[in-house]
Amino acid sequence: MPQFQSFPLPDAGEGLTEADVVTWRVAVGDRVEINQPLVEIETAKSLVELPCPVDGVVTELVAREGDTVEVGSPICIFDIDPDGPPAPEGVAPVVADPPPFADHVEDAPAEEPAPAASSAPAASSAPAEQEGSGAVLVGYGVKADAAHRRPRNVEVVEQIGGVGDTEYPVLAKPPVRKLAKELGVDLTTINPSGPGGLVTRGDVEQKVKTMSAQTLATYANDDQPWLETGYSNDGGRSTRVPVKSVRKRTAEAMVQSAFTAPHVTEFLTVDVTETMNLVAKLKADKDFADVRVTPLLLVAKALLLAVRRHPEVNASWDDASQEIVYKHYVNLGIAASTPRGLVVPNIKDAHRLPLKALATELQHLTAEARTGRVSPARMADGTITITNVGALGIDTGTPILNPGESAILAFGAIRQQPWVHEGEIQIRWVTQLALSFDHRLVDGELGARLLFDVGRVMNDPAHGLVWA
Amino acid sequence: MAGIGPLSEEGLVRLLNYKGKRVKNAKFASYAEDLTPDDLRGFWRDMMLTRAFDNEATSLQRQGELGLWVASLGQEAAQIGSASVLRDPDYVFPSYREHGVALKRGIDLPEILRTFRGHQHGAWDPAAHRFHLYTLVIGAHSLHAVGYAQAMDWDGLVGSGKPEADGAVICYFGDGATSQGDVNEALIFASVNNAPIVFFVQNNQFAISESTTRQSKVPLAQRADGVGMENVRVDGNDAIAVHAVTAWAMEHARSGAGPVMIEALTYRMGAHTTSDDPTKYRTKADEDYWRERDPIARLEAHLNSLGELPEDFVDSVAAECKEMGKRTREAVRSWPKPPKHLIFEHVYAEPHARVEAERTWFERYEATFADAEVAR
């Protein structure tokens, strides 16, 4: 009785994933022999004629001329027992894969990275499992879903470790071993950088550096240690340091601000899970590969969007002329703790920047602040400010306005918390926002609307599209 | 040879022209004198069988049964002609295209395909066949071959005064390999140590897609001049001339007189491998020129001109070829999936701590699969 067998498209090169069917050399009903020309296909590399794999009769051409077919999908079906008795009534035909192919599929490489001893449990390894190695000797790439996986016993996987973890001693030359011993460094704690996993002298020295705690006086680029200009009295129990430099400016600014602008602070607790998801997505985005994507970036964007809806807050009280100066640009200040003290550099014309450019600017600003080299121009003419108190692990605060501005947003720590989400208690990413504003020109309602809008975008970044 | 290009046919040793007519050669004709019509028919049969196997393997790759195939199409005379002079004490280091040589060394040809199906790195006992495993790294085996040859010399298996007992090494590689550092080191080492070895270069004119003209300004055999080594260029599509030249060279090496380099100028009629498309780098005119110089057709014409290719013999060879194809196909499809631990076998001759550790780890790893039936 008829015995049907399919012919899956073979990989005619090495690592090809698909080919175009160019010309069929046979038609349905043709009697065919092993190795007679069957079909011409075009791969990424060449035009190739496939010889017929069986003796029999062609019963179906699954792929048509011009079709692009994936390697492994059937292109035609043969009856390999055309001369036997006909099939009994009512028996549905079954098309078999040729036996060797079943074998190949099962044996396909699983692209499984060797599990490391410290590999994280299932949840966090999920994204890694979606990536193939991508490595092919010759060819045009591997399909992302090309790997056929064998079922794993997940609990066991974590226990087996790597070959190198358990089976081999640490490799290091004798003088390096001696040095490590003298410095009290445990060689097994070092990540070797030498050829073949050899621990080098440099590795040991590097390790020592990370082991020693840094003293206050040795922070990078700190050309003015905080006690250096001071003098000691009462027997060394205290040091008197003249108020100057950043400290002096900070003090003046805070006094001026706190005692001229009547401050009001409002608070809002927000579920920012969607923002965190967006951060993760952008981190994986090629376009953002060369910048740091942080929650702060998205808060900045949210604030800029909210300011656009409530431009009245982006203003300044000019006491001398008794005027309110509404700014038609946003110079977005970011409060930064530097080696020299608190400074508030700002991103000029931040309202014009697309997200990527904003990220770049933010990164420049942070880098400058970290070295303590922030130019006065950088700090001049700010219009509104964010203070990222969450970076210090703080939930929120009541920030004092940067002089000349009317609003400042405190961005608290983002924590996983139980939260009522869609009617159920779930673990969500939650943060607190606090907005201080100058009540002389910003009323409670305006402040509330601004804060609420920032929260809305943080809660659902898609809202930014609605306003854009 | 001075002043001629790397593909020049000038000065090639040739005993049959491409129409199958015998031509004279003062130095080498004597080495072909004792070839009987029976011997020549044997050459023809072996070339036909090699080609039948080769074609079947190409088809099997196109049907998805092999990962890759390296065809010997067009190089049969160079392989059968040279291998026909080899004896038991000789030892062969092939590269990866020497299917005709394998046949002459008693390898059951389908066994070669275990490697190309991804089952095994090598499927025969090299010591038993005096035929090393295929080496895929271009030219790497030339150094192994020189080492083996020197060891044969030190073991007194060369130039012993009993010519029948003496042996030598023959090492096969292609034109592309002559551009490799390994091969040049091997030539130097063999020369200064007078190693009993014949380097047999099948100049098939292409290193994958790179023409020999892009690898050398002079005939490849002249590489040997640079290290002071005997050398000769032969028409690689003339089985009789290749036989004669190799007979001379092997005698030279076995006697202890030192190494020889043979350049057999041939033509790779097929692709480099099944992953290659030669139409992208050579012309149809070029292929047609060489198709007319098909080594099998040439010997066939010669035998026919002698009236020494009777129909019944042709028929029996045709049947053998058909059987070779069928047997090859059936063998490939019958092989079970090889056990995974096989990869740890034959890495070192003796037990080795690292391999053992890796084997142990792999067993544990395999055991983590729910379908862990293959973990030994």
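We name chains A, B, ... by the order of the sequence lines, and we start the count at 1 in each one.
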More than 12 heavy atoms of other groups within 6.0 Å of B:L133 CG: yes
Contact summary for B:Q63 and A:C52, nearest pair of heavy atoms: NE2-O, 2.7 Å
Atom NZ of B:K284 with >12 non-hydrogen neighbours under 6.0 angstrom: no
Shortest non-hydrogen contact between A:G13 and B:S275, atoms and distance: C-OG, 3.4 Å
Reported CZ-to-CG distance for the pair B:R62 and A:N35, which is rounded to 0.5 angstrom: 12.5 Å
A:R177, CZ: over 12 other non-hydrogen atoms inside 6.0 angstrom: yes
OG-CD distance between B:S59 and A:Q36, expressed to the nearest 0.5 angstrom: 11.5 Å
NE2 (B:H346) with more than 12 external heavy atoms under 6.0 Å: no
Part of A:I34 lying under 4.5 Å from any heavy atom of chain B: side chain
CG-CD distance between B:D277 and A:E42, expressed to the nearest 0.5 angstrom: 9.5 Å
